[in-house]
Amino acid sequence: MRSFADKVYSLCRKIPKGKVTTYKEIGKKLGGRGQIYRAVGVALNKNPYSPKVPCHRVVLSNGKVGGFAKGSKKKIALLKKEGVNIKDGKIIDFKKRVFRFVTKK
DNA sequence: ACCATGACGCACA
DNA sequence: ATGTGCGCCATGG
């Protein structure tokens with residue numbers, strides 16, 4: 001069922017290792033409507049593909065890791081393993097670590 | 001069709 | 001810069 005959530009999973013899989021993306025970017029890439037990122041969070045939360053989809057690479061737009069079904073701590077640990085430095089739940093050099101699907105210039 | 005929920009984001013104080 | 005409140009979208013019951 002190619003529902004909204006399904007698209008979200010697909011995009012998450014495209015996130016390169018060591019990088020992160022935001023719910024907003026995903027939503028924007030999908031539809032670009034107002035608060036779609038809300039539904040994005042819901043979709044990932046259901047995330048039936050825990051290991052297949054690197055949902056832990058999806059963080060808040062303000063640079064915070066946000067939440068995680070298994071616990072934000074776990075999420076942080078995973079990101080750190082990927083090479084993303086996190087400080088008190090906040091991503092360091094977040095701006096540089098964010099991966100944009102639009103691949104802006 | 002309506003109400004409630006949720007891994008968010010932004011405006012405002 | 002920090003904390004609180006409100007709003008919107010998709011999904012499920």
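Order of the sequence lines sets the chain letters (A, B, ...), proteins ahead of strands, with each chain counted from 1. Quantities reported herein were computed from a predicted structural model and do not represent experimental measurements.
Closest contact between the side chain of A:Gln35 and the listed nucleotides C:dC8, B:dG9, C:dA10 involves C:dC8. The side chain of A:Ile36 sits closest to C:dC9 out of C:dT11, B:dG9, C:dC9. When the nucleotides C:dC9, B:dA7, B:dG9 are ranked by their closest atom to the side chain of A:Ala69, B:dA7 comes out on top.
Among the atoms of the strands shown, only primed sugar atoms or phosphate atoms (P, OP1, OP2) are found under 4.0 Å from some heavy atom of A:Ser3. Residue-level contact check: A:Lys75 touches the bases, meaning some heavy atom is under 4.0 Å from a base atom. Across all strands shown, A:Phe68 has heavy atoms under 4.0 Å from base atoms, whether or not it also approaches the sugar-phosphate. As judged by a 4.0 angstrom heavy-atom cut-off over every strand, A:Leu44 is placed among the base-contacting residues.
Rounding to whole angstrom units, CG of residue A:Leu60 and P of B:dC8 are separated by 6 Å. In this entry the distance linking CD of A:Glu25 with C1' of B:dC10 reads 15 Å, nearest Å. Rounded to a whole Å, the CG atom of A:Asn45 is 11 Å from the C1' atom of C:dT11. The nearest whole Å value for the distance from the CG atom in A:Asn62 to the P atom in B:dA11 is 13 Å. Here the P atom of nucleotide B:dG6 and the NZ atom of A:Lys24 are 24 Å apart, to the nearest Å. Rounded to whole Å, the distance from NZ on A:Lys64 to C1' on B:dA7 is 14 Å. We find that CG of A:Asp6 is positioned 15 Å from P of C:dA10, with the value rounded to whole Å. With rounding to whole Å, A:Lys90 atom NZ is found 12 Å from C:dA1 atom C1'.
Under the 3.5 Å distance criterion, the side-chain polar atoms of A:Lys17 are left unmatched by any main-chain donor or acceptor of A:Gly83.
Taking side-chain N and O atoms only, A:Lys7 has no distance below 4.0 Å to OP1 or OP2 of C:dA10. The side chain of A:Ser61 contributes an N or O atom lying less than 4.0 Å from OP1 or OP2 of B:dG9.
Donor-acceptor pairing under 3.5 Å is recorded for the side chains of A:Gln35 and A:Tyr37.
A:Lys7 contributes atom NZ, which lies 13.5 Å from atom CD1 of A:Ile26 (distance to the nearest 0.5 angstrom).
Using a 4.5 Å heavy-atom cutoff, the side chains of A:Val8 and A:Leu44 are in contact. Looking at A:Cys55 and A:Tyr49, their side chains never come closer than 4.5 Å, going by heavy atoms from C-beta outward.
Within 3.5 Å, no donor on the side chain of A:Arg38 pairs with an acceptor on the base of B:dG9, nor the reverse.
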